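Take a look at the structure below.
Note that the structure is predicted; figures quoted are calculated from it, not measured.
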Amino acid sequence: DSAVGPARAVTLPDTWARRGAPNQGRGRYLMRFTLTELPTQPWALSLARVSSSRRVFLNGVLIEDENPGGRRNPEPDVVTLPTQLLIVGPNTLEIELRYRARAGLSQAVLGPAAALHADDHVRVLFERELPRSLNVGMAIVAALMLLIRVRRPSETTIALFGALALLGSLRNYTYFSDVSLVRSAL
C-alpha cells in the first residue's frame, strides 16, 4: 500500500483510516487465488467499495485502465476477468487505486460473471435507482407546492416548505449521480 509506506498484509475489508493511514491518496492491493481447473464460463471480481480511479492487472496483464472521468470516490463495481488470462494454479490480481476520500477496499468476491452481474443489478436497483426515483418524485411534489404559491399568494408556508423540499431532493439526488458537477482539485 503506497499510501502508507512499505507493503503489508491486510485483511479485506480494509479502511485506511481505521489503521491510521491517510484517508486519501494512492494504494495498491495484491490478491492471490488458486484455480484447480479453468472456468468454463466468464469470471468476474465483485467489490462493494473500490475507487472509480483504478487500474486492474490479472497475472501481470492490464485488464482495466484508469477511468479518466473517475472521481476517485469509492463505489461498487464488477470487473470482468478475461478467461484467457486465468491459469490453473496460482493467479494474481493487482488493483492500483487513487482516492480523494474514504480510502480502502471492500471484501472481494470471485465467481461466475453472470451471477455477480445479476447481483450487481439488484444492488443498483435498490441502492441507486430507487433512491433516485424517490428524489425525482419528491422534486415533482415540491414543484407542485411552489405552483400552489403562484396560484394562491397567501400560501407562504407551503411555498417555503416546497422550496426546502426541492433543495433537499436535488441535493439527495446528487448523492446517487454518476457525474460530478464540481471538478476535483486533486
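- In this structure, CD1 in Ile140 is found 8.0 Å from CG in Leu144, a value given to the nearest 0.5 Å.
- The existence of a salt bridge linking Glu64 and Arg54 is confirmed by a sub-4.0 Å separation between a basic side-chain nitrogen and an acidic carboxylate oxygen.
- Residues Ser169 and Asn135 come closest through the heavy atom pair CB-O, 3.4 Å.
- Atom CG of Asn91 sits about 5.5 Å away from atom CG of Leu86, to the nearest 0.5 Å.
- Atom OG1 of Thr92 and atom CG of Leu85 lie 12.0 Å apart (nearest 0.5 Å).
- Atom CZ of Phe161 has 12 or fewer neighbouring heavy atoms from other residues, nucleotides or ligands inside a 6.0 Å radius.
- Here the closest heavy-atom approach between residue Val78 and residue Ser46 is recorded as CG2-OG, 4.0 Å.
- Listed here is the closest heavy atom pair of Leu81 and Leu45: CG-N, 4.2 Å.
- No donor-acceptor distance shorter than 3.5 angstrom exists from the side chain of Asp14 to the backbone of Val10, with no hydrogens or angles considered.
- Put simply, the side chain of Asn172 gets close to the backbone of Gly168: a donor and an acceptor are under 3.5 Å apart.
- Leu38 is connected to Phe33 through a chain of hydrophobic side-chain contacts under 4.5 Å among Ile, Leu, Val, Met, Phe, Trp and Tyr, so both are in one cluster.
- Arg149 CZ to Ile158 CD1: the interatomic distance, rounded to the nearest 0.5 Å, is 11.5 Å.
- Note that CZ of Arg55 is 11.0 Å distant from CZ of Arg28, once rounded to the nearest 0.5 Å.
- Classification of Glu96 and Arg26 as a salt-bridged pair fails, no side-chain N sitting under 4.0 Å from a carboxylate O.
- Across every non-hydrogen atom of Ser106 and Ala48, the tightest pair is OG-N, 2.8 Å.
- We find the CD-CE distance between Glu155 and Met145 to be 11.5 Å, quoted to the nearest 0.5 Å.
- Taking every heavy atom of both residues into account, Trp43 and Thr83 meet most closely at N-CG2, 4.0 Å.
- Asp65 places no side-chain N or O within 3.5 Å of a backbone atom of Ile63 that could act as its donor or acceptor partner.
- Counting non-hydrogen atoms of neighbouring residues, nucleotides and ligands closer than 6.0 angstrom, the CZ atom of Arg152 reaches no more than 12 such neighbours.
- Nearest heavy atoms, Met31 versus Leu12: SD-CD1, 4.0 Å.
- With Phe57 as reference, Leu62 is the one residue of Leu62, Ile95, Leu93 to meet the side-chain contact (heavy atoms from CB on, under 4.5 Å) rule.
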